[in-house]
Amino acid sequence: MKFLTTEKKLYNKNRKILLKYYPGLIDILSREFPSNIDLFRQDDQIDVLVNGARFYGVDYRVFASDQMETFIASPSYGEGGKPESSKERTPTYEKIFSKFYKALASADLTLNENRERPDASTAFIFGLGLGDHLHQIYIQTQCRYLVVFEPEPFLLKLSMYFTDWTRILKIAEDRIFFFFQTNPEIAFNETRIILRGLNIGLQVLIYKYQHYTSTHLSAIRKYFDDKVHTLYDGLGFYDDEKVMLRNHLLNAYGDEWKLCTQAKKGHLIGAVIVGAGPSLNNDIEWLLENKNKLVIFSGGSALPSLLKHNIVPDFHVEIENIAMNYELLEPLAREYDLRDVILVSSSTMDTKSTRLFTRRLWFMREGVMASQVFRPDQETLIWQNPTVVNTALSAALAFGFRNILMLGADFGTRDRNVHHSKGTAYESHKDLKKVEFKFPDVISANFGGQAYTNIHYINGILAIAILLKHYRQARTFNGSDGALVEGCFPVRAKRFKTNLDVSDKKQITEWIYEKSGTVDWSQKYDQDLIEFLENNFEDYFKKLMLGYKKSLNKGKKDFLIFLSEIYLETGRIEQPFSLFNPMINGSINTFTMLQMYYWSRVPIEQKHQYERICRRQWRSFFNIIRKDFLELLKSIRQELPLVRPELFDDKGILIVEAKSSAQNAE
């Protein structure tokens, strides 16, 4: 491939600045151009030849210019909605939002629901090509970040002969993210990780621009369009985090726990994971016939369905932290003998509910603050979310089972009007009967045809595929009549081999319980658990406020950079104080999203006044969080004697010696 002298000089200049900001690109820039690639030059036109055919069909500059005119006239974008507060669901956010709105009202600002300006913090570019459009994207969208998907890495190197990257990087610096991927799922998930690290709350408006058409690029764009709404999932569940931390503290206080830990040997005998999907109705009789030949894991809502058919599981798995669990489980504990059932429980499960079971194996729920602050020395379950079936399968694999059947693990339904099996609390509980389940997505079904599902269940299916890659020696079968689950072979229950007798079954479950790892929370921390949180949170808060002041100084000229820096500064807080980040980062995201929503809707003449108010409101935000968290710890201490009376003597004095979790059963 022949280049002009001026093009070679431009390449060398570009190479120097690109590697300054992106040293990881050295591998791509060191590659030779593919043999099927060449340049087309004619009548002042420049184009790329791929297998002898022109890539653009016209001069690359004309192509980019015409495309940009079309894009500017009618831009394509994805937008996150305005976060809402609710007194019932998020009382802490209600305080934060109310204070924010009061400040805006007192300044007599105009808050429009229609966007005033087309500003965005991020532009997603599908296709780099020769790069002539990148500078225009920055100018027209006023974005602060560019995310570039390019399936053909050679185009980056080629663009450096024709596009002045120094002009682009003078504005962008290191705020361009390159993804040289052909797999849409990997490209999107890597993007999601990057954006969450930048403060996803800034991504309220995301511009989408496709530069050229190819099979790989169009597949990535389609996947992105289908999934873009999931970027905003899971933001700001601060009040949920408080509930989960409370439950963990009440469960851990003064206890020695047995943990769900990885078994050192495998069990080739059969285990069955039972979910509460509609297809469980078809297999309940088979389960009844074979209940003594299988180790049974019941997941959440499946328990009453099994017990009503005289099937007592060996392990019952729970992940939810809601207090309603006690309402659902307590009648079952009174009616049925659950003494031999081992509870596999998240540390964040409601405390009264966990103590309905004599023996418990605990695991740390992924991605929550309680699990970040309190880390056991042993690894517990992996890829355990988002459904209880995911948790049960993760537990069975961790316990060493290598021959596993899933039943009632529908991850959807064949009939949109039927969402659970018969006998669950969704039939009888007054509140659960009102819950509406929606299945907008169509997916391949396990035994052919199609099933209906939703993004929650799809994420569960994806998590199972990843989990099974960690246990390649396991054989996992799916006898459910719902969605197809990658990595689980479709097998009807009657064809699954059961080679266990009652004595073996009892021996194996006892072995798992006895060999499970332990953690003594009283000895792990050399002080009272609540005092540990109080002292460390105060230090964390000081560092948080220091980061806020730094952000305030850095953000005097650019409001979006100020918002970004607030999030980045929290990520720079060192251990052990950074353990509190999972609790507050979601709240920072949500408050950022609220401010961004109106930032583009306040009239231009009031923009700077609005920004000043927003900057000041962050101090109120942090102070509300601080006061609220310390009040939470105080309330937990007051609640301890009521929820864990076995920890106190007759005079109400705390007993120092730890007792095992099993001994503390009520």
Side-chain angles (χ1 to χ4, degrees), residues 89 185 188-189 192-193 196 200 226-241 243-244 247-248 260 273-277 297-302 316-322 324-325 344-350 363-372 380-398 406 408-413 419-420 424 426 432 435-441 443 451-471 476 478 480 482-488 582 585-586 589:
R89 293 183 64 244
E185 182 184 337
F188 180 80
N189 287 335
R192 183 171 180 165
I193 292 169
R196 287 193 178 276
I200 190 64
D226 292 342
K227 301 289 186 181
V228 67
H229 65 282
T230 67
L231 292 173
Y232 308 102
D233 287 352
L235 294 186
F237 292 107
Y238 172 69
D239 289 286
D240 274 351
E241 290 280 9
V243 171
M244 289 188 281
N247 290 348
H248 178 99
C260 296
I273 308 299
V274 184
F297 290 75
S298 66
S301 301
H316 177 61
V317 183
E318 289 283 357
I319 194 170
E320 294 296 339
N321 54 277
I322 56 175
M324 185 189 290
N325 264 3
V344 175
S345 172
S346 162
S347 71
T348 61
M349 186 181 174
D350 172 65
F363 64 90
M364 312 301 284
R365 189 168 179 172
E366 294 170 330
V368 301
M369 186 189 66
S371 301
Q372 289 284 73
T380 58
L381 305 187
I382 59 172
W383 292 99
Q384 54 191 248
N385 291 325
T387 75
V388 73
V389 167
N390 291 86
T391 312
L393 181 58
S394 179
L397 290 166
M406 298 196 304
D410 292 359
F411 288 101
T413 181
H419 49 77
H420 280 83
T424 71
Y426 290 98
L432 292 180
V435 175
E436 184 180 3
F437 286 84
K438 295 183 179 180
F439 304 98
D441 301 307
I443 196 170
Y452 304 105
T453 188
N454 55 45
I455 188 62
H456 177 68
Y457 288 135
I458 290 172
N459 287 336
I461 293 170
L462 292 174
I464 283 181
I466 298 171
L467 173 68
L468 293 179
K469 290 177 182 177
H470 289 265
Y471 297 95
T476 308
N478 189 7
S480 314
L484 182 69
V485 178
E486 181 184 348
C488 297
N585 280 355
N589 282 325

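Just so you know, residue 1 is the first one in the sequence shown, and it goes up from there. Since the structure is predicted, the reported quantities are computational estimates derived from the model, not experimental observations.
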Can you find a heavy atom in the side chain of Cys260 that is under 4.5 Å from one in the side chain of Val344?
-> yes
Spatial distance of atom NZ (Lys438) from atom OG1 (Thr453) [nearest 0.5 Å] | 15.0 Å
Compare all side-chain heavy atoms of Arg365 with those of Met349 and state whether any distance is below 4.5 angstrom.
-> no
Close side-chain approach of Ser347 and Val368, heavy atoms under 4.5 Å | no
Sorted by chain and residue number, the salt bridge (Lys or Arg N to Asp or Glu O under 4.0 Å) partners of Asp441 (sequence neighbours excluded) come out as none
For Thr413 and Tyr452, indicate whether the former's side chain and the latter's backbone hold a donor-acceptor pair under 3.5 Å.
-> no
Interatomic spacing from CD1 in Ile273 to CG in Asn478 - rounded to 0.5 Å = 11.0 Å
Between Ile455 and Lys227, is any pair of side-chain heavy atoms under 4.5 Å apart?
-> yes
Using 30° and 60° as the class limits, which term best fits the ring planes of Tyr457 and Phe439: parallel, tilted or perpendicular?
-> parallel
What are the two closest non-hydrogen atoms of Met406 and Ala409, and how far apart are they?
-> CB-CB, 3.9 Å
Full working for side chain to side chain contact (heavy atoms under 4.5 Å, CB included) between Cys488 and Leu468 = CA-CA 9 Å; Cys488 297; Leu468 293 179; 3.8 Å; yes
Start with the C-alpha distance between Val435 and His419, add both sets of side-chain angles, then the distance that settles side chain to side chain contact (heavy atoms under 4.5 Å, CB included), and finish with yes or no.
-> CA-CA 10 Å; Val435 175; His419 49 77; over 6 Å; no
Note, Asp410 side chain near Val389 side chain (heavy atom, < 4.5 Å) | no
Rounded to the nearest 0.5 Å, what's the gap from OG on Ser346 to CE on Met244? Could you check?
-> 8.0 Å
Which atom names give the shortest non-hydrogen contact between Ala370 and His248, and what distance separates them?
-> CB-CB, 3.9 Å
At their closest point, which heavy atom of Glu366 faces which heavy atom of Gln384, and how far apart are they?
-> N-OE1, 3.0 Å
Pro386 and Gly460 have their tightest heavy-atom pair at CD-CA, 3.4 Å
For Asn325 and Glu320, work out which heavy atoms get closest and say how close.
-> ND2-O, 3.6 Å
Could you tell me whether the side chain of Ile443 reaches within less than 4.5 Å of the side chain of Ile461, counting heavy atoms only?
-> yes
Strictly under 6.0 Å, is that where the ring centroids of His420 and Phe437 end up?
-> yes
Side-chain touch Phe363/Thr391, heavy atoms, less than 4.5 angstrom | yes
Could you state the interatomic distance from CG (Asn385) to CG (Leu467), rounded to the nearest 0.5 Å?
-> 11.5 Å
Atom CD in Glu241, atom OG1 in Thr348: separation rounded to 0.5 Å?
-> 9.0 Å
Kindly indicate whether the side chain of Asn390, heavy atoms from C-beta on, has any atom under 4.5 Å from the side chain of Ile464.
-> yes
If you round to the nearest 0.5 Å, how far is OH of Tyr238 from CG of Asn589?
-> 15.5 Å
Can you see which heavy atom on Thr424 is nearest to which on Ala276, and at what distance?
-> CG2-CB, 4.1 Å
